[in-house]
Amino acid sequence: MTEKHMDAQQQSDKSPEKLDLANRIRAWREAAGLRKIELARALSIDPSMVSKWEKADTSPGIENQHRIASACKISITEFWGKLPEAVGDA
């Protein structure tokens, strides 16, 4: 199996909900002007966790979702609402 095929297989194994959460984390982080390492520092976590969340390899629990929203200076309601236009339109 080629590496490209394995990546496609891994992507298809991820639920729509998990992919949506990953997209929201990336979108709000970028909208807040934060790099992955900056978000990780704000949450006191290893930067590799942010990458794993954004690739939907794993998902943050509800407490970390609230902390992500806070670091991005938005409410949890905004986090789960409409994505920021600049990122959502891209």
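Computed from a predicted model, the values in this text were never measured in an experiment.
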So CG of Leu39 and CD1 of Ile25: to nearest 0.5 Å the spacing works out to 8.0 Å
Value for OG (Ser59) from CG (Asn64), rounded to nearest 0.5 Å, stands at 11.0 Å
To the nearest 0.5 Å, atom CD1 of Ile37 lies from atom CG of Asp46 at 9.0 Å
Output for pair (Ile68 CD1, Leu21 CG), nearest 0.5 Å, gives 7.0 Å
Next on the checklist: Around atom NZ of Lys52, are there more than 12 heavy atoms from other residues, nucleotides or ligands closer than 6.0 Å?
Outcome noted: no
query: Under a 4.5 Å cut-off applied to non-hydrogen side-chain atoms, are Trp28 and Asn23 in contact?
result: no
Residues Pro84 and Ala31: closest non-hydrogen pair is CG-CB, 3.6 Å
When every non-hydrogen atom of Leu19 is compared with those of Ala56, the smallest separation belongs to CD2-CB, 3.8 Å
* Quick check: does any side chain N or O of Glu54 sit under 3.5 Å from a backbone N or O of Ser51, one acting as donor and the other as acceptor? -> no
Separation between CH2 (Trp53) and CD (Gln65), nearest 0.5 Å, reads 9.0 Å
- prompt: When you measure from the side chain of Arg24 to the backbone N and O of Phe79, does any donor-acceptor pair fall under 3.5 Å?
  reply: yes
Here the gap from Ser44 atom OG to Arg67 atom CZ, rounded to the nearest 0.5 Å, amounts to 6.0 Å
**Study point:** Working for salt bridge (Lys or Arg N to Asp or Glu O under 4.0 Å), residues Arg29 and Glu38
**Key:** CA-CA 9 Å; Arg29 176 185 58 76; Glu38 293 169 324; over 6 Å; no
Check this for me: does any side-chain nitrogen of one of Glu30 and Arg26 sit under 4.0 Å from a carboxylate oxygen of the other? yes
Under 3.5 Å, is there a donor-acceptor pair between the side chain of Lys14 and the main chain of Lys55?
yes
